[in-house]
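Worksheet: one structure, shown below.
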Amino acid sequence: MQILVIGSGGREHALVWKIAQSPRVKKIFCAPGNAGTSDQAENIPIPADDIQALLEFALTNQIDLTVVGPEQALVLGIVDLFESKGLRVFGPSRLAAELEGSKAFSKNLMKKYGIPTADYEVFDALEPALEYVDKKSGPQVVKADGLAAGKGVILCSSPAEARDAIQSIMKEKSFGSAGERIVVEEFLVGEEISVLAFADGKNVLALDSAQDHKAAYDGDRGPNTGGMGAYSPAPLLTPALKEQVMREILQPAVDAMAKEGRLFRGILYAGLMLTANGPKTLEFNVRWGDPETQPLLARLKTDLIDLMNASIDGTLDKISAEWAQETAVCVVMAAKGYPESYEKGKIISGIENADKEIGVKVFHAGTKSVSGNILTNGGRVLGVTALGADRDTAIQNAYKAVEKITWDGIHYRKDIGQRPSS
Ligand code: AMP
Ligand code: GLY
């Protein structure tokens, strides 16, 4: 088989790495890829959101299966476009991707079908939104409706802060057209966990558990990022809780999408808050998480091609996923300044030495190769992923490898894998 992976992050490097292990795969392309994906795939310089150029590439190069990483391409309808030309592609259609592409759509769906989530209101105009938050007391959350590269959520500790957030999104248009509509919701308290599942329009097959660390600095301080590290399994998701999440959230969401005429195929990612009143859905994503995918795929024993095929063909009820007993920990190494503005073009050293450590795989994210050097080329630069017999060993293995890597202005959290309550 010839495979095309779309995207250029750590998630896509992990996908390329795992797909390359399938005996059925002959050749992998990655568009646009990074300095790590080019080890096992041929990088193609097409941006991940240029879906027309990607289609032409897939048709010309007899691609048997396309795997889409980033949400943008899915929301733009890459799956519909590829399928209209008879190409196989793993991911949800444009209508199904609205589950991530519009927070208002997602919240309204959850309300309609009784899927637990924070109480909320949707606003299309500034004044009613301001009046609404003024009547509340305490913390509230203001969210831009559309895609905002993970930044469209503002946690506000008072009505005054919520006013500022609404003004910034709706008046100053800080997220552009993504903020023409907003969601204001109840502030939830608890531990966060990500539950990802394969869906085939009808059946749901949950992946093993993973937990992300979103805050930029140790002890969960600082601004939210795309994710500074993740580990799997997350003991917080007990078998009973997982069963509850399947019953109350994931299966109802897939059933609801089917009823709405928006069959959901691909990865459904539920970002959950484990509150005193049970798990509540913070958001749905319609794709693999980054960095959760790195530790998850490091532990997946089943051929990923088989799982993706079952999702496309509607046969997930006939397959299961097997996971290594070990724990996997992924430490994200970022550029100084991330998640705000950051520098690029710094020479990275030590990746090869880190990769030589037992059970370690260094997944590239924002890197590029220039005349024999690997340079930083993004906010999240590397995801050092290590297996260990237990969580402490995996953490030790990951940080031993992390310490071998240097560049000017390196930044990473020292407490990945350690959650207070797990
Ligand atoms: P989202 O993109 O909607 O998942 O939001 C990004 C992050 O904001 C989440 O991972 C949470 O840390 C936080 N967050 C979102 N919604 C809420 C909420 N209702 N209460 C508390 N924190 C939230
Ligand atoms: N790690 C969070 C996400 O992929 O959205």
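Worth saying up front: this structure is predicted, and the values here are computed from it rather than measured.
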Can you check whether [Y]'s main-chain N or O pairs, donor with acceptor, with [X]'s side chain at less than 3.5 Å?
| X | Y | result |
| --- | --- | --- |
| Glu292 | Asp290 | yes |
| Asn397 | Ala386 | no |
| Asn34 | Ser8 | yes |
| Tyr399 | Ile416 | yes |
| Glu322 | Thr302 | no |
| Arg391 | Gly417 | yes |
| Asp355 | Val362 | yes |
| Arg94 | Leu76 | no |
| Arg88 | Asp64 | no |
| Asp49 | Gln72 | no |

Derivation of the salt bridge (charged side-chain N to carboxylate O under 4.0 Å, His left out) call for Asp306 and Arg24: CA-CA 10 Å; Asp306 290 342; Arg24 299 225 297 282; 2.8 Å; yes
Sub-6.0 Å ring centroid separation between [X] and [Y]:
| X | Y | result |
| --- | --- | --- |
| His411 | Tyr217 | yes |
| Phe123 | Tyr132 | yes |
| Trp17 | Phe363 | yes |

Side-chain ion pair, Glu42 and Lys27, N-O less than 4.0 Å: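 So Glu42 pairs with Lys27 through a salt bridge.
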Salt-bridge present (Asp200, Arg265; N to O < 4.0 Å):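 Result for this pair is no, no salt bridge flagged.
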Taking the side chain as everything from C-beta on, heavy atoms only, tell me whether [X] gets closer than 4.5 Å to [Y].
| X | Y | value |
| --- | --- | --- |
| Glu121 | Val183 | no |
| Leu304 | Ser22 | no |
| Val195 | Ser209 | no |
| Leu81 | Gln52 | yes |
| Leu65 | Ile312 | yes |
| Asp212 | Tyr231 | no |
| Leu130 | Gln167 | yes |
| Asn285 | Glu283 | yes |

Can you see whether [X] engages [Y] through a side-chain donor-acceptor pair at a distance of less than 3.5 angstrom?
| X | Y | result |
| --- | --- | --- |
| Ser102 | Asp145 | yes |
| Glu191 | Gln211 | yes |
| Tyr120 | Asn108 | yes |
| Thr385 | Gln294 | no |
| Asn43 | Thr37 | yes |
| Lys107 | Thr117 | yes |
| Gln396 | Asp392 | no |

Pair Lys136-Glu186, salt bridge (charged side-chain N to carboxylate O under 4.0 Å, His left out): steps then yes or no: CA-CA 10 Å; Lys136 301 260 165 184; Glu186 169 199 11; over 6 Å; no
Identify the heavy atoms of [X] and [Y] that sit nearest to each other, and give their distance.
| X | Y | answer |
| --- | --- | --- |
| Lys202 | Asp255 | O-OD1, 4.2 Å |
| Gly378 | Ala335 | O-CB, 3.7 Å |
| Ile193 | Ala234 | CD1-CB, 3.9 Å |
| Ala401 | Ala354 | O-CB, 3.4 Å |
| Tyr269 | Ser194 | OH-OG, 3.4 Å |
| Ala215 | Met228 | O-CG, 3.3 Å |

Full working for salt bridge (charged side-chain N to carboxylate O under 4.0 Å, His left out) between Lys414 and Asp218: CA-CA 6 Å; Lys414 315 276 187 305; Asp218 288 7; 5.4 Å; no
Can you tell me how far apart [atom1] ([X]) and [atom2] ([Y]) are? Round to the nearest 0.5 Å.
| X | Y | atom1 | atom2 | answer |
| --- | --- | --- | --- | --- |
| Leu282 | Leu272 | CG | CG | 7.0 Å |
| Ile28 | Asp39 | CD1 | CG | 11.5 Å |
| Glu403 | Glu357 | CD | CD | 10.0 Å |
| Thr66 | Ile3 | OG1 | CD1 | 8.0 Å |
| Glu83 | Ser93 | CD | OG | 8.0 Å |
| Glu56 | Asn61 | CD | CG | 11.5 Å |

For Asp415, salt bridge (Lys or Arg N to Asp or Glu O under 4.0 Å) partners two or more places apart: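 If we apply the salt bridge (Lys or Arg N to Asp or Glu O under 4.0 Å) test to Asp415, skipping adjacent residues, the hits are Arg413.
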Worked check of salt bridge (charged side-chain N to carboxylate O under 4.0 Å, His left out) between Glu131 and Lys135: CA-CA 7 Å; Glu131 276 168 33; Lys135 282 195 224 119; 5.3 Å; no
More than 12 heavy atoms from other groups under 6.0 Å of NZ on Lys368: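 Counting neighbours around NZ of Lys368, 12 or fewer heavy atoms of other residues, nucleotides or ligands fall under 6.0 Å, so no.
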CA sep, side-chain torsions, deciding dist, call: Asp208, Leu196, side chain to side chain contact (heavy atoms under 4.5 Å, CB included): CA-CA 8 Å; Asp208 218 339; Leu196 284 75; over 6 Å; no
Working for side chain to side chain contact (heavy atoms under 4.5 Å, CB included), residues Leu99 and Leu268: CA-CA 9 Å; Leu99 206 48; Leu268 180 59; 3.7 Å; yes
Working for side chain to side chain contact (heavy atoms under 4.5 Å, CB included), residues Phe57 and Leu4: CA-CA 9 Å; Phe57 177 84; Leu4 171 62; 4.2 Å; yes
Candidate pair Ile182 and Lys143, rule side chain to side chain contact (heavy atoms under 4.5 Å, CB included), full reasoning: CA-CA 6 Å; Ile182 60 166; Lys143 302 182 174 186; over 6 Å; no
Parallel, tilted or perpendicular, as decided by the 30° and 60° cut-offs, for the rings of Trp288 and Phe90: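 Rings of Phe90 and Trp288: tilted, 30 to 60°.
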Face-on cation placement of Lys173 at Phe175 ring, 6.0 Å and 45° thresholds: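 Judged by the rule (NZ or CZ under 6.0 Å from the ring centre, within 45° of its axis), Lys173 is not positioned above Phe175.
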